[in-house]
Amino acid sequence: MPEHLITIEEARENLLACAAYLAENIRSSDGRAEVMKLVVPFYLAKNEVDLAAQFADTVDDPFTRDQLLTMVAEKCAAIDDDEYALQLAEAIEDHGMQAQAREKIALQKSGKGDYEKASEIAETLEHPEYAFADIAVHYAAAGQDENAARMIARIEYENAKVSALRAIAAEKINKGEHEAAIPFLDQATLAANEIEHTEEKIRALTEIGNFYVEAKRNGLAIETLDKAKSLAEKLENVHRDNFLASIAHGLLRAGSLDLADRALDLVGDKTQISACLAAFSREFWSRGETAEAIETLEEAYAVLKSERDSETRNSRAKYGLFSTIAVEFAKFEKPERALEIAQNNVDETERVSALTQIAQVFTGQEKDELARQAINAIEEDSARMFALIGVSDVKNRAGKKDEAIALLSEAAHLAETVPQLASRSSAYNELAKRFIDYGEYEKARAVSHENLENIAQIRDESSRASALANLSEIYESGKFDLTAAEKEIIYTLIRRAEW
């Protein structure tokens with residue numbers, strides 16, 4: 001293997017090639033591995049599997065190397081280079097990851113309708129159950145239910161069997177074939193009852209119960225969810241409340257508020273109770289029961305607010321739920337309540353997240369003044385910039401392109417306030433992507449050039465190479481050619497890497 005897989009000449013003419021060249025020069029094994037995790041997928045997107053595999057081999061960390069080789073093998077299967085895919089799988093050192101790679105190859109063949117090849121590969125696996133399950137699902141999607149049933153019969157592991165049957169039922173439901181889905185859900189229920197691990201059994205039955213709801217068989221849904229509830233009640237670990245809350249929501253969707261309330265009464269964790277009540281409120285709103293929805297959401301907020309610090313099991317979940325409730329109030333057209341709850345969130349990250357989402361909701365409701373109020377409540381300029389980008393997206397989806405561009409231009413002025421250079425590069429990329437989507441190529445070009453100058457200032461060599469790889473996607477998307485000035489910047493980066 002040559003000292004460099006990418007020549008200096010290639011690196012000077014192409015941003016991705018330059019990023020790869022810089023990555024090859026990174027002295028830190030961890031740093032080089034991190035960049036290669038970005039570079040390899042970009043080369044795979046170009047179908048350059050040989051070069052991607054060679055890059056994977058330059059990684060010292062065996063786990064990352066095996067991950068990347070798995071990725072390349074999967075891509076090879078997708079482009080029907082099956083022999084090379086299997087060769088790469090064989091080159092993976094870890095036995096478990098080698099099996100995963102072979103399974104992913106089988107899944108690719110299954111997805112492409114090459115069931116014979118997929119089965120052949122699956123049969124070489126020590127645990128072929130999920131590969132068989134995937135083949136069964138694709139058989140069913142192609143209308144070959146008999147072949148699907150034959151494949152399911154080969155699955156010995158009950159969890160995989162349930163997964164396949166549930167997926168087939170979901171496909172039928174999505175096509176509006178509700179009655180056709182029922183036999184598969186019935187089989188899934190039987191298989192779920194055979195699962196030995198109690199928590200896995202509860203999870204499977206809960207999911208099946210919700211699919212019965214989708215198939216408009218509420219009686220079967222309630223019966224299945226009640227089985228799950230009986231099992232969940234007996235648990236004596238931290239997962240008990242989460243299961244019961246999920247079951248309660250499913251029972252409400254199945255049309256039984258009384259049974260849902262009974263299940264919820266068994267939940268002790270206030271965060272879980274509040275989350276379930278918030279889900280109840282969305283269900284009421286979707287049914288047009290607006291007063292009940294708002295009242296239930298208020299109850300959810302009151303329960304969460306009453307939770308003392310000593311009672312809190314998961315602070316992140318708690319503060320995230322405050323954000324969720326605030327956004328729900330915005331959707332329920334209660335703007336004052338939404339803003340109040342969002343701004344009172346003591347977690348800064350969640351506060352910003354809530355205000356950003358609320359601004360988008362208000363924009364979708366054509367309440368631009370309220371959206372601006374939410375944006376202005378965000379203190380950090382850089383966070384406000386991302387909120388403006390989000391609102392711009394909503395405007396664009398509504399067909400208000402000029403307003404979307406104006407908001408994006410406003411956000412662009414705030415990009416330089418992002419303190420970390422690597423984060424600033426990501427911000428520039430988000431702006432450029434949207435300018436390209438809006439057809440504003442000159443603005444996208446200007447932002448991208450500014451980003452390249454920004455990247456040149458990044459000191460950490462792995463962050464610099466990673467940022468360059470991400471920027472290459474923008475240049476390719478916009479079909480931007482490198483200018484003489486940009487090539488000079490790149491050459492400076494190359495020379496610096498050689499020092």
Side-chain angles (χ1 to χ4, degrees), residues 36-37 40-57 59 62-172 184 187-188 191 194-195 200 204:
M36 286 305 179
K37 282 195 276 187
V40 167
F42 281 130
Y43 275 100
L44 289 180
K46 299 171 180 289
N47 290 344
E48 296 190 32
V49 291
D50 285 323
L51 191 53
Q54 288 177 290
F55 281 134
D57 258 336
V59 176
F63 179 76
T64 303
R65 173 188 174 276
D66 287 352
Q67 273 188 323
L68 293 175
L69 287 175
T70 298
M71 201 181 294
V72 181
E74 190 175 6
K75 178 66 175 183
C76 288
I79 60 175
D80 294 323
D81 192 351
D82 299 342
E83 185 177 347
Y84 191 31
L86 292 169
Q87 284 177 12
L88 289 170
E90 286 296 323
I92 293 170
E93 296 176 3
D94 181 81
H95 179 71
M97 291 188 73
Q98 185 181 114
Q100 287 178 25
R102 297 179 72 83
E103 182 180 76
K104 286 177 185 256
I105 294 169
L107 299 186
Q108 280 292 332
K109 305 321 295 179
S110 172
K112 291 171 70 67
D114 191 347
Y115 307 122
E116 185 177 343
K117 186 70 174 179
S119 297
E120 179 186 322
I121 297 169
E123 286 166 1
T124 68
L125 299 173
E126 187 176 351
H127 301 289
E129 289 84 6
Y130 281 102
F132 287 155
D134 188 76
I135 295 167
V137 171
H138 282 102
Y139 265 135
Q144 301 182 43
D145 285 357
E146 288 186 11
N147 283 332
R150 178 175 56 79
M151 193 58 63
I152 287 170
R154 300 182 65 181
I155 301 172
E156 297 179 4
Y157 184 50
E158 299 299 338
N159 297 62
K161 187 176 291 188
V162 170
S163 177
L165 291 164
R166 198 171 57 220
I168 293 170
E171 182 71 23
K172 303 287 186 188
F184 292 100
Q187 291 179 62
E194 298 301 315
I195 295 175
E200 291 295 332

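Numbering starts at 1 and runs along the sequence shown. This structure is a prediction, so every number in the text was calculated from the model and none was measured.
- Partners of Y130 by ring pair (Phe, Tyr, Trp, His ring centres under 6.0 Å), not counting sequence neighbours: none found.
- A distance of 10.0 Å separates CD of E129 from NZ of K161, quoted to the nearest 0.5 Å.
- With sequence neighbours excluded, the residues satisfying ring pair (Phe, Tyr, Trp, His ring centres under 6.0 Å) with F55 are Y43.
- A 4.5 Å side-chain heavy-atom check between E171 and V137 finds every atom pair outside the cut-off.
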Using a 3.5 Å cut-off and no angle test, enumerate the donor-acceptor pairs between side-chain atoms of residues 149-157 and protein atoms at least two apart in sequence or in another chain.
from, atom 1, to, atom 2, distance (Å)
R150, NH2, N147, OD1, 3.3
R154, NH1, E123, OE2, 3.4
R154, NH2, E123, OE2, 3.0

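- Listed here is the closest heavy atom pair of A101 and A89: CB-CB, 4.1 Å.
- Closest heavy-atom contact between L165 and A188: CD1-N, 3.6 Å.
- From T64, atom OG1 reaches atom NZ of K37 across 5.0 Å, with rounding to the nearest 0.5 Å.
- Taking all atoms of both residues into account, the shortest heavy-atom contact from E103 to A131 is OE2-N, 4.1 Å.
- Annotation for L69 and A53: closest pair CD2-O, 4.2 Å, computed over non-hydrogen atoms.
- Looking at heavy atoms from C-beta onward, S163 lies out of side-chain contact with N159 at the 4.5 angstrom threshold.
- Residues satisfying the ring pair (Phe, Tyr, Trp, His ring centres under 6.0 Å) criterion with Y139, sequence neighbours excluded, are Y115.
- Side chain of T70 to backbone of D66: a donor-acceptor contact under 3.5 angstrom is found.
- Using a cutoff of 4.0 Å between basic side-chain nitrogens and carboxylate oxygens, K112 and D82 are not scored as salt-bridged.
- Listed by first and then second residue, the side-chain hydrogen bond (donor to acceptor under 3.5 Å, both in side chains) pairs that reach into residues 44-53 are K46-E476, N47-K75, D50-Y84, sequence neighbours excluded.
- Note that CG of D134 is 13.0 Å distant from NZ of K109, once rounded to the nearest 0.5 Å.
- With a 4.5 Å cut-off on side-chain heavy atoms, L88 and I92 do not count as touching.
- Atom CD of Q108 is separated from atom NZ of K117 by 14.0 Å, given to the nearest 0.5 angstrom.
- Each side-chain hydrogen bond (donor to acceptor under 3.5 Å, both in side chains) pair with one or both residues in residues 87-99, not counting sequence neighbours, appears once here: E90-R102.
- When all heavy atoms are compared, the tightest approach of H138 to G111 is NE2-CA, 3.5 Å.
- The two residues A164 and A133 make their nearest non-hydrogen contact at CB-CB, 3.6 Å.
- Contact of the F184 side chain with the D145 side chain is registered, since non-hydrogen atoms from C-beta on lie closer than 4.5 Å.
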